[in-house]
There are 2 protein chains.
Amino acid sequence: MILPPILHPMQSQLDSSFSALSDPTRRAVIERLVNGPASVSDLASPHDMALPTFMRHLKVLEDSGLVRSVKKGRVRTCHIEAAPLMELQGWLEWQRRVWDQRLDRLTTLAEHINRNTS
Amino acid sequence: MILPPILHPMQSQLDSSFSALSDPTRRAVIERLVNGPASVSDLASPHDMALPTFMRHLKVLEDSGLVRSVKKGRVRTCHIEAAPLMELQGWLEWQRRVWDQRLDRLTTLAEHINRNTS
DNA sequence: AAGATACTTAGCTAAATAGCTAAGTATTGA
DNA sequence: TCAATACTTAGCTATTTAGCTAAGTATCTT
């Protein structure tokens with residue numbers, strides 16, 4: 001039997017991770033940060049929107065735990081936090097496993113029927 | 001070099017898939033459906049909300065392409081569509097790869113420095 | 001010391017989302 | 001045929017979200 005990964009306690013962690021990644025601007029930030037840390041201005045520059053608007057996206061990412069940041073002087077440097085991304089992968093992997101297991105059962109069932117009718 | 005999976009054309013597919021899964025009710029529906037098809041009432045019964053409210057969640061899942069359904073008589077039967085889930089897995093896997101690759105580079109760099117300073 | 005840089009805060013608007021109730025339609029079972 | 005079942009539609013409300021501008025604070029740089 002396949003059990004869920006960790007999961008039940010921190011339900012809301014998945015909520016906010018999925019939610020944070022549902023926006024293309026925020027996914028672009030993640031895609032950038034997997035290559036290494038970057039400042040707010042660096043992250044913002046490719047995006048055609050007012051800075052406060054962009055900062056809001058960044059805040060969503062930080063609130064979700066996907067991104068952390070430290071401020072030194074006047075520059076805030078952001079980096080990725082791997083754990084929440086791995087939790088997402090875990091959930092999806094769990095679904096795929098259950099799904100695959102079911103397909104296996106169906107295949108086995110079909111073979112049984114084939115044997116008993118042909 | 002690691003390239004993104006398909007991606008650029010169907011950006012909005014990722015948007016709506018992530019968005020659909022950001023709600024615990026909707027994730028519970030997916031968790032149920034990986035075990036096999038189910039009717040609307042079956043899916044709704046564990047959830048303490050008005051039926052129209054639940055149907056709305058189901059519509060979000062269908063609009064995102066994660067779930068499909070067919071109506072026969074008065075019963076609508078829902079089932080999972082694997083492709084969008086795999087696209088999500090693909091995106092996450094891509095990020096993980098780039099991230100891992102970067103860690104490798106950092107490790108290699110650290111070894112170089114070690115060799116040249118000790 | 002003054003100006004430029006890099007955020008940060010405050011506050012507004014429009015649109016989307018999640019929830020509800022009430023009432024309607026189409027099938028099925030008695 | 002009539003009642004129950006299984007959705008379905010319509011319409012309302014409250015909250016959240018994404019976007020903006022304007023103005024503020026804290027650090028550099030010269």
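A, B, ... follow the sequence lines: proteins, then strands. Residue 1 opens every chain.
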Starting at atom [atom1] of [X], determine the distance to atom [atom2] of [N], rounded to an integer number of angstrom.
{"X": "B/Leu58", "N": "C/dT17", "atom1": "CG", "atom2": "P", "value": "16 Å"}
{"X": "A/Leu61", "N": "D/dT17", "atom1": "CG", "atom2": "C1'", "value": "14 Å"}
{"X": "A/Met55", "N": "D/dG19", "atom1": "CE", "atom2": "P", "value": "15 Å"}
{"X": "A/Asp42", "N": "C/dT5", "atom1": "CG", "atom2": "P", "value": "15 Å"}
{"X": "A/Asp15", "N": "D/dT16", "atom1": "CG", "atom2": "C1'", "value": "14 Å"}
{"X": "B/Phe18", "N": "D/dT17", "atom1": "CZ", "atom2": "C1'", "value": "19 Å"}

Inset, instruction - Measure across B/Pro24 and A/Asp15 and return the closest heavy-atom pair with its distance rounded to 0.1 Å. - result: CD-OD2, 3.4 Å

Inset, instruction - With DNA chain D as reference, determine whether B/Val75 or A/Ser19 sits nearer its 5' end, using the nearest nucleotide of each. - result: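 Result: B/Val75.
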
Inset, instruction - Could you note down all residue pairs passing side-chain hydrogen bond (donor to acceptor under 3.5 Å, both in side chains) where residues 71-82 of chain A supplies at least one of them, sequence neighbours left out? - result: A/Ser69-A/Arg76

Legend entry - For A/Arg26, all residues meeting side-chain hydrogen bond (donor to acceptor under 3.5 Å, both in side chains), sequence neighbours excluded: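 Partners of A/Arg26 under the side-chain hydrogen bond (donor to acceptor under 3.5 Å, both in side chains) test: A/His57.
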
Inset, instruction - Only counting residues at least two apart or in another chain, list the ones meeting side-chain hydrogen bond (donor to acceptor under 3.5 Å, both in side chains) with B/Asn35. - result: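 If we apply the side-chain hydrogen bond (donor to acceptor under 3.5 Å, both in side chains) test to B/Asn35, skipping adjacent residues, there are no hits.
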
Legend entry - Residues forming a salt bridge (charged side-chain N to carboxylate O under 4.0 Å, His left out) with B/Arg96, sequence neighbours excluded: B/Glu93, B/Asp100

Legend entry - Footprint string (nucleotides 19-30 of chain C, 5' to 3'): B base within contact, S backbone only, - free, heavy atoms under 4.0 Å: BBBB----BS--

Side chains of residues 42-53 of chain B: which donor-acceptor partners sit under 3.5 Å, not counting sequence neighbours?
unit_1, atom_1, unit_2, atom_2, d
B/Ser45, OG, B/Asp42, O, 3.0

Legend entry - Per A/Arg26 side chain, nearest of listed nucleotides D/dA18, C/dT8, C/dA18: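 Among the listed nucleotides, the one closest to the side chain of A/Arg26 is D/dA18.
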
Inset, instruction - Tell me whether the OP1 or OP2 atom of C/dT8 has a side-chain N or O from A/Lys71 closer than 4.0 Å. - result: yes

